[in-house]
Amino acid sequence: GQQVQQSPASLVLQEGENAELQCNFSTSLNSMQWFYQRPGGSLVSLFYNPSGTKHSGRLTSTTVIKERRSSLHISSSQTTDSGTYLCALARSSNTNKVVFGTGTRLQVLP
Amino acid sequence: GPKVLQIPSHQIIDMGQMVTLNCDPVSNHLYFYWYKQILGQQMEFLVNFYNGKVMEKSKLFKDQFSVERPDGSYFTLKIQPTALEDSAVYFCASSLWGSSYEQYFGPGTRLTVL
């Protein structure tokens, strides 16, 4: 089955609302990254967060290894936040393979 | 921050021809990766490369695919011959060490096979 599951699959917000995106994984973790994928396809790295909580502007990422989950919180959403949010993890086994989640498609309405 | 460059941004090619996608990784990075994303679908790992060798590859990395980084120049993905199902965006990434380190991604090359 899927090693990395993201929820929700899609989300529609009114501008100004907050969003909580989840990434759950079934394997042990060596690293966790969050990306924003623009509608045109290019990737923007948001966080490299293998554990704990990190902040960047309106964004907060929290990874709890024991619970095998990572979250991305977006506060005071803006229309420019619309796009797809991806989590990607590397497992803590003898491998350099990185697995991406299926993504959360976010649409922020004006 | 550190940047990974990819050339070209878009390539259109006839089925059966050869194509080479080029990646200019972050200068002091040692690990290199290729990923494939078919339009509207999940990003999928293809291969990682270290010290002149393929370290790991997925089932998507067919026999028609090859990677190399001759003399520290571009890290390349070659597909020979191409097939219709190879149409996708190919992303290159690099990291200082293995995948437990942060990976830096290029903007992608959109490959269209006709």
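In what follows, every chain begins at residue 1, and chains take the letters A, B, ... in the order their sequences are listed.
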*Asks:* Is L84(B) reachable from I79(B) through a run of I, L, V, M, F, W or Y residues, each pair having side-chain heavy atoms under 4.5 Å apart?
*Replies:*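 Hydrophobic grouping puts I79(B) with L84(B).
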*Asks:* Sort Y33(B) into side chain, backbone, both or neither according to what part of it lies under 4.5 angstrom from a heavy atom of chain A.
*Replies:*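 Contact with chain A: side chain only.
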*Asks:* Tell me, for Q103(B) versus chain A, whether the close heavy atoms (under 4.5 Å) come from the side chain, the backbone, both or neither.
*Replies:*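 When you check distances to chain A, atoms from both the backbone and side chain of Q103(B) fall under 4.5 Å.
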*Asks:* Are V113(B) and F61(B) co-members of a hydrophobic cluster defined by side-chain heavy atoms under 4.5 Å apart?
*Replies:*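 Yes: a chain of side-chain contacts under 4.5 Å links F61(B) to V113(B).
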*Asks:* How far apart are the closest heavy atoms of V98(A) and F45(B), and which atoms are they?
*Replies:*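 Closest heavy-atom pair between V98(A) and F45(B): O-CB, 3.6 Å.
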*Asks:* Against chain B, label R105(A) side chain, backbone, both or neither, depending on which of its atoms sit under 4.5 Å from a heavy atom there.
*Replies:*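 Contact with chain B involves the side chain of R105(A) alone.
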*Asks:* Would the number of heavy atoms belonging to other residues, nucleotides or ligands and lying under 6.0 Å from NZ of K3(B) be above 12?
*Replies:*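 Check fails, neighbour count at 12 or below.
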*Asks:* What residues of residues 44-81 of chain A sit under 4.5 Å from chain B when you count only heavy atoms?
*Replies:*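 At a heavy-atom separation under 4.5 Å, chain B is reached by S45(A), Y48(A).
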*Asks:* Counting only heavy atoms from other residues, nucleotides and ligands, does the tally under 6.0 Å from OH of Y74(B) exceed 12?
*Replies:*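 12 or below, so no.
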*Asks:* Does any backbone or side-chain atom of Y104(B) lie under 4.5 Å from a heavy atom of chain A? Answer side chain, backbone, both or neither.
*Replies:*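 Interface part for Y104(B): neither.
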*Asks:* Does CG in L39(B) sit with more than 12 non-hydrogen atoms of other residues, nucleotides or ligands closer than 6.0 Å?
*Replies:*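 It does not: L39(B) CG has 12 such atoms or fewer within range.
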*Asks:* So, taking the atom named CZ in F35(A) and the one named CE in M43(B), what distance separates them when rounded to the nearest 0.5 Å?
*Replies:*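 Here the rounded value is 7.5 Å.
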*Asks:* If you count every heavy atom of other residues, nucleotides or ligands that lies below 6.0 Å from Y101(B) atom OH, does the total exceed 12?
*Replies:*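 Counting neighbours around OH of Y101(B), 12 or fewer heavy atoms of other residues, nucleotides or ligands fall under 6.0 Å, so no.
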